[in-house]
Amino acid sequence: MERLQKVIAYAGVASRRKAEQLIVEGKVKVNGVVVKELGTKVSNSDTIEVEGVKLEKEDKVYFLLYKPRAYISAVTDDKGRKTVTDIFKKHVHQRIFPVGRLDYDTTGLLLLTNDGEFSNLMTHPKFKIDKTYIARVKGIPTKQGLMKLQSGIKLEDGKTAPAKVSMTSFDENAGKAICEITIHEGRNRQVRRMFEAIGTPVVKLKRERFAFLDLTGLSPGEYRQLTKHEVKLLRVLAETGKVDYNN
Ligand code: URA
């Protein structure tokens with residue numbers, strides 16, 4: 001079950017706010033009955049009409065974007081910054097939105113879709129999908145520091161789940177290092193806060209992998225559609241925690 005205004009927005013008829021307005025104004029019917037309640041929940045089997053026109057379900061689409069720096073992971077921004085959906089505007093008419101988010105300065109793999117249920121599945125804390133980041137950090141993490149990240153480190157919003165961490169290179173003279181870290185949680189600015197907590201703040205961050213997906217063949221700002229098979233595998237992975245990537 002989904003909220004009526006969300007379903008109308010996902011169908012591409014209007015923004016969520018406009019959809020709310022249409023509902024309040026009595027212009028929306030569910031199974032032939034006018035509904036003015038904003039909290040109303042509807043299911044797939046309900047027939048929805050907006051201003052007398054039956055809602056056609058928008059095709060579900062799934063994209064993998066190589067997010068460039070200086071883009072916000074949102075549909076709109078009140079500060080007027082570029083958003084990741086701007087990149088799609090010319091060629092994609094569906095109302096897509098980012099699945100989770102990468103910080104403004106973070107680059108790398110970001111999924112976008114118009115499928116709310118899929119997005120919830122990918123971002124729900126109970127589904128443990130691995131995400132791998134390459135972090136350039138200031139200073140050289142100690143072995144103990146890396147072990148702390150590995151076993152879980154206390155942040156202000158609680159201890160992190162165990163992570164896979166390795167230092168791939170370091171430059172003693174310049175006082176910097178490159179680390180690879182895989183986490184399955186998706187807390188706000190988590191990787192940055194984790195490295196900050198061991199005294200080596202992140203200066204550059206890129207998400208390299210999301211589950212079995214990577215950025216092969218893409219440059220910053222480029223995207224591709226996920227195949228039906230990839231979408232199916234992601235669902236299986238989220239629901240069971242297991243998937244045979246080679247199948
Ligand atoms: N962790 C961060 O700190 N930033 C991101 O963009 C993603 C994960």
Side-chain angles (χ1 to χ4, degrees), residues 64-75 77-87 97-112 119 122-125 127-216 218-223:
L64 186 166
L65 168 70
Y66 187 157
K67 178 192 173 293
R69 254 202 81 252
Y71 275 79
I72 182 155
S73 297
V75 176
D77 182 45
D78 48 15
K79 291 188 192 137
R81 290 172 294 184
K82 288 177 288 189
T83 74
V84 287
T85 52
D86 289 343
I87 296 169
F97 52 87
V99 175
R101 66 171 175 211
L102 292 179
D103 299 335
Y104 184 70
D105 283 328
T106 302
T107 62
L109 199 162
L110 183 66
L111 299 181
L112 293 101
S119 176
M122 294 302 115
T123 52
H124 196 285
F127 300 120
K128 300 184 167 44
I129 291 188
D130 279 348
K131 284 148 278 196
T132 300
Y133 297 85
I134 305 291
R136 182 187 291 268
V137 300
K138 186 164 173 245
I140 299 171
T142 60
K143 221 177 189 163
Q144 293 95 310
L146 294 177
M147 274 162 61
K148 271 192 205 161
L149 297 185
Q150 223 145 27
S151 55
I153 192 160
K154 241 171 120 189
L155 300 178
E156 66 205 18
D157 52 356
K159 197 174 168 190
T160 61
K164 283 179 221 148
V165 194
S166 63
M167 182 156 64
T168 45
S169 68
F170 64 92
D171 180 338
E172 212 140 12
N173 291 332
K176 60 186 184 185
I178 294 177
C179 298
E180 182 174 305
I181 180 164
T182 301
I183 59 172
H184 58 69
E185 297 169 295
R187 301 193 216 164
N188 194 23
R189 298 179 70 80
Q190 182 167 343
V191 173
R192 291 177 196 272
R193 289 191 290 133
M194 287 172 81
F195 279 99
E196 184 101 43
I198 62 162
T200 53
V202 169
V203 288
K204 217 171 169 188
L205 189 62
K206 176 184 177 190
R207 180 150 76 188
E208 193 91 325
R209 279 192 297 283
F210 183 97
F212 51 87
L213 298 167
D214 62 27
L215 293 163
T216 302
L218 298 175
S219 302
E222 291 182 345
Y223 61 84

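All residue numbers in this chain count up from 1 along the given sequence. Here the structure is a predicted model, which is why all the values come from computation and not from measurement.
- One finds the OG1 atom of Thr200 at 7.5 Å from the CG atom of Leu149 (value rounded to the nearest 0.5 Å).
- In terms of modelled atom types and a separation under 3.5 Å, the side chain of Thr85 and the main chain of Phe97 share no donor-acceptor contact.
- For the pair Val84 and Arg101, the minimum side-chain heavy-atom distance is 4.5 Å or more.
- A donor-acceptor contact shorter than 3.5 Å is absent between the side chain of Arg207 and the backbone of Gly108.
- Here the CD1 atom belonging to Ile181 is positioned 9.0 Å from the CG atom belonging to Leu146, to the nearest 0.5 angstrom.
- Smallest separation of non-hydrogen atoms from Leu205 and Ala135: CD1-CB, 3.8 Å.
- Considering CD1 of Ile134 and CD of Glu208, their distance stands at 4.5 Å, rounded to 0.5 Å.
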message: For a side chain to side chain contact (heavy atoms under 4.5 Å, CB included) check, start with the C-alpha distance between Arg209 and Asp130, then their side-chain angles and the critical distance, and finish with the verdict.
response: CA-CA 8 Å; Arg209 279 192 297 283; Asp130 279 348; over 6 Å; no
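- In this structure a side-chain-to-backbone donor-acceptor pair under 3.5 Å is missing from Lys67 to Ile72.
- Note that NZ of Lys176 and OG of Ser169 are 9.0 Å apart. Values are rounded to the nearest 0.5 Å.
- Classification of Arg189 and Asp103 as a salt-bridged pair holds, one side-chain N sitting under 4.0 Å from a carboxylate O.
- Taken to the nearest 0.5 Å, the CD1 atom of Ile183 stands 4.0 Å off from the CD atom of Gln190.
- In Lys131, the NZ atom is crowded: over 12 heavy atoms of neighbouring residues, nucleotides or ligands sit closer than 6.0 Å.
- When side chains are defined from C-beta on, Thr107 counts as touching Tyr66, because their heavy atoms get closer than 4.5 Å.
- No more than 12 heavy atoms of other residues, nucleotides or ligands shown are found within 6.0 angstrom of CZ on Phe170.
- Atom OG1 of Thr142 and atom CD1 of Ile198 lie 6.0 Å apart (nearest 0.5 Å).
- Checking Arg192, Arg69, Lys206 one by one against Thr106, the side-chain hydrogen bond (donor to acceptor under 3.5 Å, both in side chains) holds for a single residue, Arg192.
- For the pair Val75 and Thr83, the minimum side-chain heavy-atom distance is 4.5 Å or more.
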Between side-chain atoms of residues 154-162 and protein atoms elsewhere (two or more places apart, or another chain), which donor-acceptor pairs fall under 3.5 Å?
unit_1, atom_1, unit_2, atom_2, d
Asp157, OD1, Arg187, NH1, 2.8
Asp157, OD1, Arg193, NH1, 3.1
Asp157, OD2, Arg193, NH2, 3.0
Thr160, OG1, Ile153, N, 2.9

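- Salt bridge status for Lys82 with Asp86: absent, with no side-chain N to carboxylate O gap under 4.0 Å.
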